[in-house]
Amino acid sequence: MREQLLAAEKVTAIAWREGALHLLDQRLLPFTQTWLAYDSAAAVAEAIRLMVVRGAPAIGIAAAYAVVLAVRARVTAGGDWRAALEEDFRLLSESRPTAVNLFWALNCMRERLQRLKAGDDPLRVMEQEAVGIHASDREANLTMAQLGMEVIRQQQGNSQPVMTHCNAGALATGGFGTALGVIRAAYLEGLVEHVYADETRPWLQGSRLTAWELACDGVPVSLNADSAAAHLMKTKGITWVIVGADRIAANGDVANKIGTYQLAVNAMHHGVRFMVVAPSSTIDMSLESGDEIPIEERDGGELLELAGQRIAADVQALNPVFDVTPADLIDYLVTEKGVVERPDAAKMAQLMCRKRLH
Ligand code: MRU
């Protein structure tokens, strides 16, 4: 399965080449594949804020590389470069609030910095750390793809339609994707016949990114309005909703793209199983429940305008871009450390004590 997935890999969004971070500009997809090169932490922080790069793991990976760029600039400038670096950590940590992978990756980089020994080349060591974070996210996704696919195989023997929301694919991660990784693996095993992709208003990650990614891979996919989800669950024989996550609290509550919560409620009503796929870097054991997860509110213009054209009456718009799905609506949480059925605080604590499965 690992080899099949590796052979099928077509889309990537993040590359570290010749000392610069290269990001596929996700604002321009699916029409144009434009790669932008970044050589400063401030520019990467802005790219995260503007969603050139988006998706929880991808944001974390981009931030890790941004720290490498910052170390290079601060060391070159001389003086107390470690103290100066704090400004870069601050800028990066303020770029987006909900996905904990950003803070997780910054923490990993900070800890590595603290472990530097006399004689170490800070740039080389920090570069190795960022490359390691990137590679290990890719590996985690390969592991989760296999684990999630096995869960689906245990529940059904034939090919069935599934639904996904937002984009939890290669574009959102270090490679392959979390939810889309499972969907890809299940498709290769003949367990998924069709993917219903919610368009994911207002930023349209579903129509612009997920539909494009799956079409590139030759996975049968159609697009639907977010509000069509319950109707499709009732009429199309959908067996699974499979989504990613931006932050998972210690009790198993899951923050993900706005609209995920209503999908989980609808899935329970229609007897559709609900699977969340996320690496352990998305789990925030410092938060007791999802109520404590900061929910990003973005500019109302994302709702009031489409492609720069006003499409709404002259009113204000509320634009929370994430919501929290309570743990008791989740059937399976798939991580690289293993699968948790019906997550709760005790099972989450047990999971976090486990080693990675790869
Ligand atoms: O606002 P975005 O596009 O960064 O939101 C992304 C999501 O909500 C994804 O579902 C989540 O990050 C999981 S990505 C593997």
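From a predicted model like this one, the values you see are computed outputs, not experimental measurements. Order of appearance sets the numbers: ligands from 1, and atoms from 1 within every ligand. The analysis underlying the following values was restricted to heavy atoms, covering all of them including side chains, and did not include hydrogens, waters or symmetry mates.
- Using the six-membered ring where Trp is involved, Y65 and H134 have ring planes that are perpendicular, over 60° apart on the 30 and 60° scheme.
- Of the candidates Q156, E193, M163, M233, T239 forms a side chain to side chain contact (heavy atoms under 4.5 Å, CB included) with just one, namely Q156.
- Here A99 has no heavy atoms under 4.0 Å from ligand 1, in either its backbone or its side chain.
- Nearest protein heavy-atom contact of atom 8 (O) of ligand 1 is D246 OD1, 2.8 Å.
- Ligand 1 lies within reach of F322, whose nearest heavy atom is under 4.0 Å from it.
- Of the heavy atoms in V243, none comes closer than 4.0 Å to ligand 1.
- The side chain to side chain donor-acceptor pair (under 3.5 Å) with N167 is formed by just one residue from the set E213, R208, K257, Q205; it is E213.
- In this structure, E296 falls outside the shell of residues with a heavy atom less than 4.0 angstrom from ligand 1.
- Judged by the shortest distance from any of its heavy atoms, T260 lies outside the 4.0 Å radius around the atoms of ligand 1.
- Considering backbone and side-chain N/O atoms, Q205 comes within less than 3.5 Å of an N/O atom of ligand 1.
- Below 4.0 Å from some heavy atom of K257 lie the following atoms of ligand 1, by number and element: 1 (O), 2 (P), 5 (O), 8 (O).
- Checked against a 3.5 angstrom limit, the closest N/O atoms of N256 and ligand 1 fall inside it.
- Neither the backbone nor the side chain of H165 comes within 4.0 Å of ligand 1, counting heavy atoms alone.
- Using a 4.0 Å cut-off between heavy atoms, A168 contacts ligand 1 through both its backbone and its side chain.
- With hydrogens left out, the protein atom closest to atom 15 (C) of ligand 1 is T178 OG1, 3.1 Å, a heavy atom.
- Considering both main-chain and side-chain atoms, G55 comes within under 3.5 Å of ligand 1 through a nitrogen or oxygen pair.
- Counting the atoms of ligand 1 from 1 in the order shown, those under 4.0 Å from a heavy atom of P57 are 14 (S), 15 (C).
- No N or O atom of A172 sits closer than 3.5 Å to an N or O atom of ligand 1.
- Using a cut-off of 4.0 Å between Lys/Arg side-chain N and Asp/Glu carboxylate O, R247 and D284 are scored as salt-bridged.
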